[in-house]
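Treat the numbers as computed from the prediction; the structure is a model and nothing was measured. Side chains are part of it too, since the values below use all heavy atoms of this structure and drop only hydrogens, waters and symmetry mates.
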Amino acid sequence: MGDDGAMREVLAAWGPLTVVGPISGGNRNTVLELLRGRQRLVARRSRREPASLDWEIALLGHLSRRGIRVPAVIPAADGRLHVDGVVVQSWLAGAPPGPADWPAVADTLRRVHAVTAGWPQRPGSASTRELLTADRGGDVDLSLMPPDAVTDCRRAWARLAGTPEAVVHGDPGAPNIRVTAAGVGLLDWDEARLDYTDLDLAELPGYELPSRDLPRRDLPRRDLPGRDLPPGRLAAARTAATAWEAANGWTVEPAYARRQLSLLRARRDGFGREPR
């Protein structure tokens, strides 16, 4: 039985539901649209461990209580919030952002960051700061990457030292954003973790990070060059985000990850090195 069929069996724990069909766009998880009567729902089967799903569900409740539009988690008939990796959530209404909506998206992400400062790390995950010395966290396993690729990624992440850390959404692209008259909503928090907040803002269209330069600091790893990095917080964040995409997708989205690594290496003159 395929993952879709197995997931439908698990959904029996929520009682009578109609499976409308799969929702496109998810590259790592099976996502289905559901109906319970006239109520529109979404089910996602995650690869995350139970403690990681508990963290995500607690985060969504915290954000909702602070007025940030996120999906509500629908308990199973026996009260469980996830069953065999399956989480059922309310449908988040709205349309993807248009060109005029991106400032509001940035403001919403900043609110997320503001209300999660000091939040604990997601179980099993690691921030880019932690990955300067650790090899694994979430979907990242640096031991599976070529050593020179790991060095390039770590050098990019080290440039964000000294910038704010909080919970990041992790994938704030248009498919995961819904805009209504009530404001901006954010869905699909599977990639959320504690990390540098600039990573959430780096690739938003038309967005500019504060213009102050990053502080120059010795890197935790002496074998990672780059102590005298060029200034530019936005450029540093975009390069670090590209490095994250390469490392995070290395085994689960290999073709995409290798394109991101090529892009990272094309930017290496920003580290003071000539491209290969």
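The distance from the OG1 atom of T128 to the CD atom of E165 is 7.5 Å, given to the nearest 0.5 Å. In this structure, the separation between CG on L11 and OG1 on T18 is 11.0 Å, given to the nearest 0.5 Å. Atom CG of N248 sits about 11.0 Å away from atom CD of Q260, to the nearest 0.5 Å. If you take CG on D198 and CG on L234, they are separated by 8.5 Å, rounding to the nearest 0.5 Å. Between the CG atom of L144 and the CH2 atom of W250 there is a distance of 10.0 Å, given to the nearest 0.5 Å. Atom CG in L263 sits 15.5 Å away from atom CZ in R258 (nearest 0.5 Å).
Side chain of R193 to backbone of S127: no donor-acceptor contact under 3.5 angstrom is found. Checked by atom type and distance alone, the side chain of R36 never pairs as donor or acceptor with a backbone atom of P16 at under 3.5 Å. Put simply, the side chain of R69 gets close to the backbone of G183: a donor and an acceptor are under 3.5 Å apart. Side-chain atoms of W14 come within 3.5 Å of backbone atoms of I74 as a donor-acceptor pair (strictly under, hydrogens ignored). Of the possible polar contacts, none joining the S125 side chain to the Q121 backbone as a donor-acceptor pair under 3.5 Å is found. In this structure, the side chain of R178 engages the main chain of P175 through a donor-acceptor pair within 3.5 Å. Judged purely by atom type and a 3.5 angstrom limit, R110 has no side-chain atom pairing as donor or acceptor with the backbone of L201. At least one donor-acceptor pair closer than 3.5 Å links the side chain of N176 to the backbone N or O of D171. In this structure, the side chain of R111 engages the main chain of G67 through a donor-acceptor pair within 3.5 Å. Remark: side-chain polar atoms of S64 are not paired, donor with acceptor, to backbone N or O of L60 under 3.5 angstrom.
Counting only heavy atoms from C-beta outward, the side chains of I68 and V112 approach each other to under 4.5 Å. Looking at P172 and V105, their side chains never come closer than 4.5 Å, going by heavy atoms from C-beta outward. Inter-residue side-chain proximity for L160 and L199 is flagged as met; some heavy-atom pair is nearer than 4.5 Å. Looking at heavy atoms from C-beta onward, D190 lies in side-chain contact with R47 at the 4.5 angstrom threshold. Residues T239 and L264 form a side-chain contact, since some pair of their non-hydrogen atoms from C-beta on lies under 4.5 Å apart.
Across A257 and A246, no two heavy atoms sit closer than the pair CB-O, 3.3 Å. Among all heavy-atom pairs drawn from G85 and L53, the shortest one is CA-CD1, 3.9 Å. Closest of all the heavy-atom pairs between L131 and G137 is CD2-N, 4.4 Å. Looking at every heavy atom in both residues, A126 comes nearest to E130 through CA-OE1, 3.1 Å. When all heavy atoms of V83 and A76 are compared, the closest pair comes out as CG2-CB, 4.2 Å. The minimum heavy-atom distance between A43 and L34, with the atom names listed, is CB-CD1, 3.7 Å.
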Which pairs would a plain distance check flag for residues 95-103, meaning a side-chain donor or acceptor within less than 3.5 Å of a matching protein atom at least two apart in sequence or in another chain?
residue : atom : partner : partner atom : Å
D101    : OD2  : G98     : N            : 2.7

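Placement of V115 and V168 in two distinct hydrophobic clusters is found when ILVMFWY residues are connected by side-chain heavy-atom separations under 4.5 Å, directly or transitively. Cluster annotation: L59 is connected to V87 through the hydrophobic network of ILVMFWY side chains, with a link wherever side-chain heavy atoms come within less than 4.5 Å. Under the 4.5 Å side-chain heavy-atom criterion for grouping Ile, Leu, Val, Met, Phe, Trp and Tyr, Y256 is not connected to W244 through any hydrophobic cluster. One hydrophobic cluster holds both V179 and L63 under the rule that ILVMFWY side chains link at heavy-atom gaps under 4.5 Å. In terms of hydrophobic clustering, with Ile, Leu, Val, Met, Phe, Trp and Tyr side chains grouped at heavy-atom distances under 4.5 Å, L35 and L17 are assigned to different clusters.
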Go through it in stages, so that I can follow the logic: the residues are R136 and L142, the test is side-chain contact (heavy atoms from CB on, under 4.5 Å), and I'd like the CA-CA distance, side-chain angles, deciding distance and then a yes or no. CA-CA 6 Å; R136 295 178 177 86; L142 298 178; over 6 Å; no
Could you walk me through whether I23 and L32 pass the side-chain contact (heavy atoms from CB on, under 4.5 Å) test, one step at a time? CA-CA 5 Å; I23 298 175; L32 300 176; over 6 Å; no
One pair to check against salt bridge (charged side-chain N to carboxylate O under 4.0 Å, His left out): R154 and D135. What are the steps and the verdict? CA-CA 11 Å; R154 283 175 164 163; D135 286 335; 3.1 Å; yes
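A salt bridge links R44 with E56: at least one charged nitrogen is closer than 4.0 Å to a carboxylate oxygen. Of the charged side-chain nitrogens involved, at least one lies within less than 4.0 Å of a carboxylate oxygen, so that E191 and R48 count as a salt-bridged pair. Under 4.0 Å is where a charged nitrogen must lie from a carboxylate oxygen, and between R129 and D195 no such pair does. Salt bridge present: D152 and R155 bring a charged side-chain N and a carboxylate O closer than 4.0 Å.
Connectivity analysis of hydrophobic side chains (ILVMFWY, heavy atoms under 4.5 Å, direct or indirect) links L92 to L187.
In summary, the side chains of D200 and H113 do present a donor paired with an acceptor at a separation below 3.5 Å, with no hydrogens or angles considered. Looking only at atom types and distance, the side chain of T30 has no donor-acceptor partner in the side chain of R45 under 3.5 Å away. Between the side chains of R233 and T163, not a single donor N or O lies within less than 3.5 Å of an accepting N or O.
Under the side-chain contact (heavy atoms from CB on, under 4.5 Å) criterion, D54 pairs with H82, not counting sequence neighbours.
More than 12 heavy atoms of other residues, nucleotides or ligands sit less than 6.0 Å from atom CD of E203.
Below 30°, between 30° and 60°, or above 60°: for W55 and W119 the angle between ring planes is above 60°, a perpendicular geometry.
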